[in-house]
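Written out below as structure tokens is the structure these notes cover.
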Amino acid sequence: MTTVLTAQALGKRYGRRWALRECTIDIPAGHVVGLVGPNGAGKTTLLKLASGQLEPTAGDIAVLGGRPGGTPAQLARVGFVAQDTPAYAGLTVAEHLRLGARLNPRWDDGMARERVARLGLDPAQRAGKLSGGQRAQLALTLGLAKRPELLILDEPVASLDPLARREFLQGLMEATAEHELSVVLSSHLVSDLERICDYLIVLVDSRVQVAGETDRLLAAHHRLTGPRRDPDRLPAGQHVVSARHTDRQSTYVVRTDAPIHDPAWTVTRLSLEDLVLAYMDKPAAADRRAPLEVQR
Amino acid sequence: MEEPVIEFHLDAKTGVSPYLQLVRQVRHALRLGLLDEGDQLPTVKEVVAQLAINPNTVLKAYRELEHEGLITARPGVGTFVTATLTGASLAAHGPLRLELQRWLAKARRAGLDEESIEALFMTTFRTTAQEDIA
């Protein structure tokens, strides 16, 4: 198995509004995939389509080679931690583990107990009494003890304080190193994902703007600063991601696989955050130019 | 479990990729003699759990160091240092540091602030390096 998620012209419409459209991606297995974009961009929709909680309106999606949520076997292979890491407030930590064991055929009870003990969670404590960070760790424990091949997390750290956020991501990365686990997680903050993702999908206005391995994305994007120049006077191989002009100066973010030799430009590298912001900054008019051409 | 010899840290603001930061920290520790032949590096899982970073980042760093012949991974046992970068030069560090400290004190007395000192050092360092190449 080499592909964890493939989508072909995938779309989801609510009434007249497309929450996700023309989504074509192919994510290889063994990555920690960051799905970033502003609130309302369609991140949750894509994750729910991948976990089988939503049916597509258009196109196709396959997860680990199967139809999301299609069979009990398929359900067992994919873990899903919903937004704000919910738990049953009235149930204790121990009851959550028992429930997990009853509902999941591949449940790893030893791992669940070991994690709960290491986190210092009291098994008799009701989930409603846990702190936000503890509840998130409980939800992560349930997701990991299910022993999925793919774990999907929707904005898992958005509501956590910095320390709880760090501890959550430490636990997630440790599990990724230990078990052969692919992870897809969303966030509206790139800074949360910068260290942990080696694959990135940028989703803006219901469309995938760019997707690929972070190393390659960083190597292929450049910021060019120099005397004012119109975009049609840039070489054909340079795809303009964003452009800003003053009377005298132009600043472009371009994507190209070729080196940039033009001496008029000052060329600088982008951080992952700058790269994502450049795609978000894109004027609405440019969106209609096939966004897929920048994908690999 | 033995206490690891070195601990990694990451600086988000340098613009240097995390994997390269790890590589440099190992080389740095080797140069300063903090790491020696036979020392064990932290396992991938330990680094990942400590820094909350992607496991592939650590693997990539260790692969590069292995390629440079500085470390060897023994499957199931751990990753070990197999070379040093200090050689005979370590003995020279002390006197050189002393001279540098004297020079810094002189620069401060002459009224240079930290930024000016750094700029002066870096430009001199670069020009000399270029002259050496030419």
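By convention in this document, chain letters (A, B, ...) are assigned in the order of the sequence lines, proteins followed by strands, and residues within each chain are numbered from 1.
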Practice prompt. Please report the C-alpha distance between A:Ser186 and A:Asp154 in whole Å, then the side-chain angles of each, then the deciding distance to 0.1 Å, and finally whether the side chain to side chain donor-acceptor pair (under 3.5 Å) criterion is met.
Written response: CA-CA 5 Å; A:Ser186 67; A:Asp154 191 3; 2.8 Å; yes
Item to complete: Pick one of side chain, backbone, both or neither for A:Ser271, based on which atoms fall under 4.5 Å of a heavy atom in chain B.
Response: neither
Discussion item. Taking every non-hydrogen pair under 4.5 Å, which of B:Val44, B:Val47, B:Asn56, B:Val58 racks up the most with chain A?
Written reply: B:Asn56
Practice prompt. Could you check which of A:Asp198, A:Leu169, A:Val32, A:Leu272 has the highest count of heavy-atom pairs closer than 4.5 Å to chain B?
Written response: A:Asp198
Item to complete: May I ask you to test the A:Val81-A:Leu151 pair for a side-chain heavy-atom distance under 4.5 Å?
Response: yes
Worksheet item: Which bit of B:Leu59 is near chain A, if near means a heavy-atom gap under 4.5 Å: side chain, backbone, both or neither?
Response: neither
Item to complete: Check A:Pro148 against A:Gly143 and note the closest heavy-atom contact, atom names and distance.
Response: CD-O, 3.2 Å
Fill in: Any B:Leu70 side-chain heavy atom under 4.5 Å of B:Leu30 side chain
yes
